[in-house]
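One structure is given here, and the rest of the page talks about it.
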Number of protein chains: 2
Amino acid sequence: MKLEVLTKSENKEVQKEIISKIRDLIDFKNLEPGDKLPSERMLSEKFGVSRSSLREAIQRLEFYGLLKSRPQSGTFIADIGPIAMKGMLKDILELESPDFKSLVETRILLELKTCRLAALRRTEEDLEHMKEALDAFSAKVNNGEDAVQEDLLFHLSIAKASGNSSMNTFMLIITPEIITNFEKYHVCNVNRAALGIQEHNDIYEAIKNQDPTLAKEKMKVHFKMLYEYCYNIE
Amino acid sequence: MKLEVLTKSENKEVQKEIISKIRDLIDFKNLEPGDKLPSERMLSEKFGVSRSSLREAIQRLEFYGLLKSRPQSGTFIADIGPIAMKGMLKDILELESPDFKSLVETRILLELKTCRLAALRRTEEDLEHMKEALDAFSAKVNNGEDAVQEDLLFHLSIAKASGNSSMNTFMLIITPEIITNFEKYHVCNVNRAALGIQEHNDIYEAIKNQDPTLAKEKMKVHFKMLYEYCYNIE
DNA sequence: CAGACCAATCTGGTTAACCAATTTTGTTAA
DNA sequence: TTAACAAAATTGGTTAACCAGATTGGTCTG
């Protein structure tokens with residue numbers, strides 16, 4: 001019975017251990033898709049961890065789509081097959097938290113696509129949202145203030161207009177870390193911000209005119225500096 | 001005090017309501033980055049929800065990088081600025097679960113990039129893992145069996161070899177849903193599987209020979225059918 | 001012997017009590 | 001007045017008890 005308070009990182013290690021034990025259990029008991037896992041009480045006792053910790057681990061695996069728990073019934077193995085299950089569990093356990101370079105690289109990839117899709121699919125409502133974000137950005141910059149947040153929100157409005165909820169979700173996931181890293185490394189300087197208004201406007205106009213190729217091109221221009229920065233980090 | 005048992009979807013609605021209330025609180029109290037949120041007990045009482053539900057909502061916002069809770073100290077607002085905070089909360093609340101088309105579209109985008117990066121960065125260890133996955137896939141197909149899982153695991157091994165943990169994570173997130181949808185819609189048929197071995201081999205060789213352009217080209221060939229399928233769903 | 005039905009049990013979800021570290025606050029001494 | 005120290009209140013995390021629906025095993029009836 002653990003009594004010391006665990007730090008956040010230690011807690012994550014415990015979670016990984018639990019996931020690892022769940023993997024061993026699935027492996028050892030040869031549990032197949034649709035099979036029911038032992039109850040939470042039984043597992044928490046068997047693993048020697050608290051039920052809350054176990055529940056958190058299960059929730060994480062549920063997030064990755066590997067488990068599915070149903071109220072008053074049990075926790076079940078997802079219908080993805082035992083081989084995929086085993087492989088994915090291994091990958092999840094080995095997963096490391098993303099570095100800044102990965103984040104920027106992924107952001108550029110996503111945005112070159114979302115702005116293209118946005119040009120193809122944007123609704124009038126999407127356009128309005130984008131315009132609002134664009135104006136907020138311009139106002140801040142013209143006032144000489146820092147506008148990293150407004151910048152990112154404009155880009156998020158494009159992601160939303162892309163009509164692809166996966167990419168939209170992924171943009172939402174990486175944006176906060178991008179912001180904190182930007183502010184840490186001072187990636188955005190004020191001189192570029194003024195230029196940024198024009199670039200944002202170009203992107204907006206391209207999407208408004210439903211020109212996907214131009215939109216992507218303008219986004220590429222907008223990312224030029226960031227792109228070079230990203231590939232010179234290491 | 002709610003006593004009925006909530007279904008999973010109802011539960012998610014409750015979570016959204018809580019997040020919405022947290023947003024209102026931040027808005028109303030003008031909480032800024034680094035500020036401390038009221039304690040969990042106080043909030044759960046104020047919102048009229050259980051502390052567990054509140055904690056789940058907080059964990060979700062922590063996942064998106066908007067909050068940061070520290071043991072024995074409190075839950076704090078992330079250092080991303082009030083405007084970004086408000087905008088992102090709005091987007092998260094409006095987020096819808098991804099459809100199959102979004103998943104496939106995102107997968108293709110990610111994989112064309114990861115296989116290119118893998119060709120540039122793969123280690124010898126990465127190559128070994130890819131070879132193992134490749135052989136497992138070939139064995140199953142040559143045996144006339146269904147090999148959707150092995151197929152996906154090969155692609156995941158490429159994502160891992162890309163050295164970009166964000167993209168690796170995102171691939172892990174979308175893969176289970178892809179698998180279940182594949183099996184539901186019978187996207188993969190056996191005839192193509194035999195062809196798939198050759199295509200997988202081509203991709204593997206290109207990555208092994210560190211030829212990013214060829215790797216991407218071969219991946220594009222591999223996705224040709226899926227690509228057409230994806231854009232003919234609606 | 002098969003099918004319907006009911007109660008005991010088991011389940012995940014929820015609520016309340018508990019823990020130790022931290023933070024705040026009040027007091028005292030320099 | 002201020003700095004230092006200690007006690008009390010506050011905090012997120014943990015554990016244990018509780019709830020109502022789902023499951024199951026056995027029993028009874030046709």
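Naming: A, B, ... by sequence-line order, numbering from 1 per chain. Keep in mind that what you see is a predicted model, and the values were worked out from it rather than measured.
Checking the phosphate oxygens (OP1, OP2) of C/dT14, no side-chain nitrogen or oxygen of B/Arg51 falls inside 4.0 Å. Taking only side-chain nitrogens and oxygens, A/Arg70 never comes nearer than 4.0 Å to OP1 or OP2 of C/dT11. For A/Ser52, no side-chain nitrogen or oxygen approaches OP1 or OP2 of D/dG13 to under 4.0 Å. Considering only side-chain N and O atoms, B/Ser39 lies under 4.0 angstrom from the phosphate OP1 or OP2 of D/dT11.
Rounding to the nearest 0.5 angstrom, the gap separating the OG1 atom in A/Thr175 from the CD1 atom in B/Ile80 is 8.5 Å.
At a threshold of 4.0 Å, the pair A/Glu45-A/Arg41 does not count as salt-bridged, since none of the basic side-chain nitrogens sits closer than that to a carboxylate oxygen.
For the pair B/Leu67 CG and D/dT11 C1', the computed distance is 16 Å after rounding to whole Å. Separating the CG atom of B/Leu54 from the P atom of C/dT14 is a distance of 13 Å, rounded to the nearest angstrom. For the pair A/Lys36 NZ and C/dT11 C1', the interatomic distance rounds to 7 Å; values are reported in whole Å. Atom CD1 in B/Ile58 sits roughly 7 Å away from atom P in D/dG12 (whole-Å rounding). In this structure, CD of A/Glu40 is placed 15 Å from C1' of D/dA17, rounded to the nearest angstrom. Rounding to whole angstrom units, CZ of residue B/Arg55 and C1' of C/dG13 are separated by 15 Å. What separates CE of A/Met42 from C1' of C/dC10 is a distance of 9 Å, to the nearest Å. Whole-Å rounding puts the B/Glu45 CD to D/dG12 C1' distance at 17 Å.
The base of C/dG13 sits with one of its N or O atoms less than 3.5 Å from a complementary donor or acceptor on the side chain of A/Arg41.
In the set C/dT14, D/dT11, D/dA22, D/dA22 carries the atom at the smallest distance from any side-chain atom of A/Gln72.
Residue-to-nucleotide proximity on DNA chain D shows that, of A/Ser73 and A/Ser53, the 5′-proximal contact is made by A/Ser53.
Using modelled atom types, one finds no donor on one side chain facing an acceptor on the other under 3.5 Å when comparing B/Ser165 with B/Asn168.
Checking side-chain atoms of B/Thr114 against main-chain N and O of B/Leu110 turns up a donor-acceptor pair under 3.5 Å.
Side-chain contact between A/Asp79 and A/Glu32 is absent, with no heavy atoms from C-beta onward closer than 4.5 Å.
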